[in-house]
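Beneath this line is the structure, given in structure tokens, with notes to follow.
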Amino acid sequence: MGALTYDTLTVTAATQLQNELRDEIIIQARDFPVNTIAGADISFNKFSPTIYAGIILLRFPELIPIGYSLVKKEVRFPYVPGYLAFREVPALMTAWENLPQKPDLLVVDGHGIAHPRRMGIAAHFGVVAKTPVVGCAKKVLCGRYEEIPPEQGSNTPLIFKNDVVGAVLRTKYAVRPVFVSPGYRMDVPGSVEIITQCVGRYRIPEPTRLAHNIVNKFRLGEVPEGYTEV
DNA sequence: GCGACAG
DNA sequence: ATCTTGTCGC
């Protein structure tokens with residue numbers, strides 16, 4: 001079975017694929033319980049074609065780690081703003097397939113529909129894997145928003161071309177906000193609600209933060225590839 | 001034409 | 001994304 005890859009695509013072909021996959025996106029209120037949640041992230045050395053992908057599974061709402069899946073892979077598709085999925089989704093998909101137990105909801109580091117063509121990495125992954133996903137990015141990609149109060153939990157809609165595509169959420173008092181947007185089988189309010197419940201002691205919500213930590217340790221050779229029960 | 005631009 | 005150096009604050 002051939003693993004998913006976008007390495008032979010041109011940016012033009014990638015744009016076309018995004019426009020096709022967009023018709024499969026499902027944005028709706030959450031209609032399932034969340035007892036487990038996962039965080040997905042990528043790590044790599046600058047200028048290297050090797051990328052390290054990881055997904056960490058947590059119990060929800062306790063946010064206690066259950067286990068994690070780590071995989072190393074080569075990529076040729078370059079990083080181009082708006083096309084992040086073509087670089088990271090293949091590796092993340094392998095890590096996903098290696099998970100012995102799938103989470104009720106996945107949080108991906110990046111945007112969902114808060115994207116120029118409404119197909120950010122979180123939406124892309126959700127459509128391909130057919131699983132609930134929410135995107136949580138550290139920086140805006142597109143859209144406008146009003147200044148938000150410094151209070152923890154305050155949030156304002158992220159608007160792109162007159163559509164509410166996500167929300168800007170202050171996870172900590174007076175700290176830079178994060179950008180939340182639904183990816184698949186979630187809507188904006190539901191995404192903000194869940195991400196808010198995922199905030200621990202840091203600016204970055206636990207799923208994504210812990211995924212970043214473990215995949216970084218993996219890249220540095222501090223933890224082995226494969227699935228590890230925690 | 002000019003500015004913006006996830007990871 | 002990654003790496004470095006340095007400062008501020010609990």
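We name chains A, B, ... by the order of the sequence lines, and we start the count at 1 in each one. Just so we're clear, the structure is a prediction, and the values are computed from it rather than from any experiment.
A 6.0 Å sphere centred on CD of A:E222 holds more than 12 heavy atoms belonging to other residues, nucleotides or ligands.
Aromatic pair A:Y184/A:H124: ring centres not closer than 6.0 Å. Here A:F77 and A:Y6 keep their ring centres 6.0 angstrom or further from each other. Between A:F179 and A:Y145, the distance separating the two ring centers is shorter than 6.0 angstrom.
Residue-level contact check: A:G82 touches the bases, meaning some heavy atom is under 4.0 Å from a base atom. Within the 4.0 angstrom heavy-atom criterion, only backbone atoms of the sugar-phosphate kind lie near A:K139; the bases stay farther away. Within the nucleic acid shown, A:R219 comes within 4.0 Å of sugar-phosphate atoms alone, with no base atom in reach, counting heavy atoms only. Base contact: A:I121 has a heavy atom under 4.0 Å from a base atom. A:Y83 comes within contact range of at least one nucleobase, with a heavy-atom separation under 4.0 Å.
We find that CD1 of A:I113 is positioned 18 Å from P of B:dA6, with the value rounded to whole Å. We find that CZ of A:F160 is positioned 16 Å from P of B:dA4, with the value rounded to whole Å. Rounded to a whole Å, the CG atom of A:L220 is 14 Å from the P atom of C:dA1. Residue A:E88 contributes atom CD, which lies 9 Å from atom P of C:dA1 at whole-angstrom precision. The distance from atom OH of A:Y6 to atom P of B:dG7 is 19 Å, rounded to the nearest whole Å. Look at NE2 on A:H115: it is 8 Å from C1' on B:dA6, rounded to the nearest Å. A straight line from CG of A:L141 to P of B:dG3 spans 19 Å, rounded to a whole angstrom. Taking atom OH of residue A:Y145 and atom C1' of nucleotide B:dA6, one finds them 13 Å apart after rounding to whole Å.
In this structure, A:N45 does not reach the C:dA1 phosphate: none of its side-chain N or O atoms is under 4.0 Å from OP1 or OP2. Residue A:Y79 has no polar side-chain atom (N or O) positioned under 4.0 Å from OP1 or OP2 of C:dA1. Taking side-chain N and O atoms only, A:K138 has a distance below 4.0 Å to OP1 or OP2 of B:dG7. The phosphate of C:dT2 has OP1 or OP2 within less than 4.0 Å of a side-chain N or O from A:H212.
The side chain of A:F44 approaches C:dA1 more closely than any other nucleotide in the set C:dA1, B:dA6, C:dT2.
Note that A:R118 lies outside the cation-pi zone of A:F160, set by a 6.0 Å cut-off to the ring centre and a 45° limit from the axis.
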